[in-house]
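Heads up, the thing below is written out as structure tokens.
Computed from a predicted structure; not experimentally measured. Residue numbers start at 1 and run along the sequence shown.
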Amino acid sequence: MTVPHDIHALRVAPLRTMERLLMLEHTRLDTRFRAIDLDRLRYALALARMERISGEHRTIDLFEDIAPFRHWLIEQLEHHVDAAGERPIDWAGLARAIPEVMRRVGDVRTRLLERHVGELSETRFEHEIRHRQLVLVLGGGGGAGYPHLGVFAILSELGLVPKMIVGSSMGAMLGLFRASMRHYDPLAVAVALPRPSEAGRLFSPYSGVSRFGFPGTFELNLRAVATDIFRNMLAKDLPTLAELPIPLRPVVTGLRTGVGVALGEVESEITRSRTLITPLALRRRSWLLLSTIRRMVQNPRMLSKITFGHDEEVRDYDAVDAVGFSCAVPGILHYDIHDPTHPSMRTTQRLMESRQLFRLTDGGVVSNVPSETAWQCVQAGEIQSRNAFILSFDAFAPGANANALYFPVQRLIREQVRGERVYADYHHTYRSPLAAVQVLANLDDIQSCIAKVRKELDPLRTYLARSLQPLPRWSQLQDAHSP
């Protein structure tokens, strides 16, 4: 498994794992472990996960205040909770440990607030610890990503609104629709999505002109379709990332010179596979996709992960252009900006020059389920809290489903996705996604897909609701007579 780049993520990984195991088992079984004691443990875990907090005037480093407590808590809990899940949780032992845990939490809490008096209020501190913010990570995979719509519906029914959405490829596309409204309307989104009959509007043969985007067999004409969707669904014009009600962070892959992919060679293969329906053309496109991604993945130093909305160069960027580049499958779909007067033109040019890039392509190449990106955005303070619950979904994992044909591509990115899971509080792989090539689906297929996901995720409803429910106040947790 890939070691997290952020050392703090590595420090707190055991805490996230143990809390996940505690919450899952407590929601499934009659453990006779009091709910108030579980909340006390969760308060301790939230405190131990802290490293920085936004104070009244600046970001405060809490490492020295909390590190000794974190080490002690992990050591104590490891006696009762096996992070590997190989032995049952010792609930009786945890109950006996509660008084000492509470005493130490109280000591750390008092010292921390006294040390930072005047720059960190108790109210601000309590709000950070008691409220976990939902951050949604949506993986790519073409039509395989439609189960994300089922996730949106379930979270909405639970009254859970994402504080941020991070996505690659189709995850970024569907994430844009969710990020466009605080209150989710599943029917409006399902009806607004383009249908197979609109393939001619969304896709056209590659023009042969590539400025920023990596060449592909088809042009992705996203802007015209997105304009109609936004006007019909929301009665508004296309937004920038900064204008979205829910922050969206699309991930895009930047290619540096030396990645080992010759554009002339790719365009030659594109010319050979222009025919839409013949078996030979389909085989050529599959081979082109695999060979192109393989050469990219095998040269990771030549890849640059760009997070639109987060990275300084593209902090406020046209939302459709960001999603378009994230969805541009190398060798298959090409997205670009051709209008010299468009605001994105100059910004993209500066990005290419500052990072020494020669093309942009699908975010899934560098990070198909970008949980690490979500972690980085949270730690940067972008959601005004660092106490986040990162919930990630993988639509393109190898499996006996409609996408078995793409196993060679899935295998190339499998290790990358495994590494990303370290950053997630809960990671889920869909069991029955649509086929990746089914980028345009009819309403019946979408509704059927949503129904399957609802059934698949039904056992997680209670876990998710309780994991994101605010904790009681410290004064309530201190009450020895709490039921």
Review point. Does V251 offer a backbone N or O that forms a donor-acceptor pair with the side chain of S326 under 3.5 Å?
Key: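 It does hold such a pair.
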
Check your understanding: For the side chain of R49 and the backbone of V12, is there at least one donor-acceptor N/O pair under 3.5 Å apart?
Key ->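 Judged by distance alone, no pair lies under 3.5 Å.
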
Check your understanding: Which residues satisfy the side chain to side chain contact (heavy atoms under 4.5 Å, CB included) test with A328, sequence neighbours excluded?
Key ->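 Result, side chain to side chain contact (heavy atoms under 4.5 Å, CB included) vs A328: Y335.
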
Check your understanding: What residues form a side chain to side chain contact (heavy atoms under 4.5 Å, CB included) with E126, not counting sequence neighbours?
Key ->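 Applying side chain to side chain contact (heavy atoms under 4.5 Å, CB included) to E126 gives Y43, R109, E122, R130, R473, W474.
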
Exercise for review: State whether R111 and D65 are salt-bridged, where the test is any N-O pair (Lys NZ or Arg NE/NH1/NH2 against Asp/Glu carboxylate O) under 4.0 Å.
Suggested key: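 Not counted as a salt bridge, because no side-chain N and carboxylate O are separated by less than 4.0 Å.
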
Point to revise | Charged N-O contact under 4.0 Å between D394 and R421 | key: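 The answer is no: the pair does not qualify as a salt bridge.
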
Check your understanding: When rounded to the nearest 0.5 angstrom, what is the spacing between CE in M352 and OG1 in T347?
Key ->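 The CE atom of M352 sits 13.0 Å away from the OG1 atom of T347.
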
Review point. CD of E128 to OG of S54: how many Å apart, nearest 0.5 Å?
Key: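 Rounded to the nearest 0.5 Å, the CD-OG separation comes to 7.0 Å.
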
Does anything in [range] form a salt bridge (charged side-chain N to carboxylate O under 4.0 Å, His left out)? List the pairs, not counting sequence neighbours.
range            : result
residues 145-157 : E157-R454, E157-R461
residues 229-256 : R231-D237, R249-E382
residues 301-314 : D311-R355, E312-R315, E313-R355
residues 88-101  : E100-R103, E100-R104

**Study point:** With R42 via salt bridge (charged side-chain N to carboxylate O under 4.0 Å, His left out) - residues at least two apart
**Key:**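 R42: salt bridge (charged side-chain N to carboxylate O under 4.0 Å, His left out) contacts with E19, D39.
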
Please report, to 0.1 Å, the donor-acceptor pairs under 3.5 Å made by any side chain of residues 142-154, with sequence neighbours excluded.
unit_1: Y146; atom_1: OH; unit_2: V439; atom_2: O; d: 2.5
unit_1: H148; atom_1: ND1; unit_2: Y430; atom_2: OH; d: 2.8
unit_1: H148; atom_1: NE2; unit_2: G139; atom_2: O; d: 2.9

Practice item. Kindly state each residue pair satisfying side chain to side chain donor-acceptor pair (under 3.5 Å) with at least one member in residues 159-185, sequence neighbours excluded. Key: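 Applying side chain to side chain donor-acceptor pair (under 3.5 Å) to every pair that reaches into residues 159-185, excluding sequence neighbours, yields S169-D362.
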
**Study point:** Test ring-ring contact (aromatic ring centres under 6.0 Å, His included) applied to F177 - qualifying residues, sequence neighbours left out
**Key:**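 Result, ring-ring contact (aromatic ring centres under 6.0 Å, His included) vs F177: none returned.
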
Exercise for review: Go through the structure and list residues passing ring-ring contact (aromatic ring centres under 6.0 Å, His included) with F230, not counting sequence neighbours.
Suggested key: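 ring-ring contact (aromatic ring centres under 6.0 Å, His included) check on F230 returns nothing, list empty.
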
For residues 67-76, tabulate all N or O donor-acceptor pairs below 3.5 Å that involve a side-chain atom, not counting sequence neighbours.
unit_1: R70; atom_1: NE; unit_2: A48; atom_2: O; d: 2.8
unit_1: R70; atom_1: NH2; unit_2: A48; atom_2: O; d: 3.3
unit_1: R70; atom_1: NH2; unit_2: M50; atom_2: O; d: 3.0

**Study point:** Side-chain H-bond candidate by donor/acceptor type, R466 with H26, under 3.5 Å
**Key:**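 Side-chain D/A pair, R466 to H26: present.
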
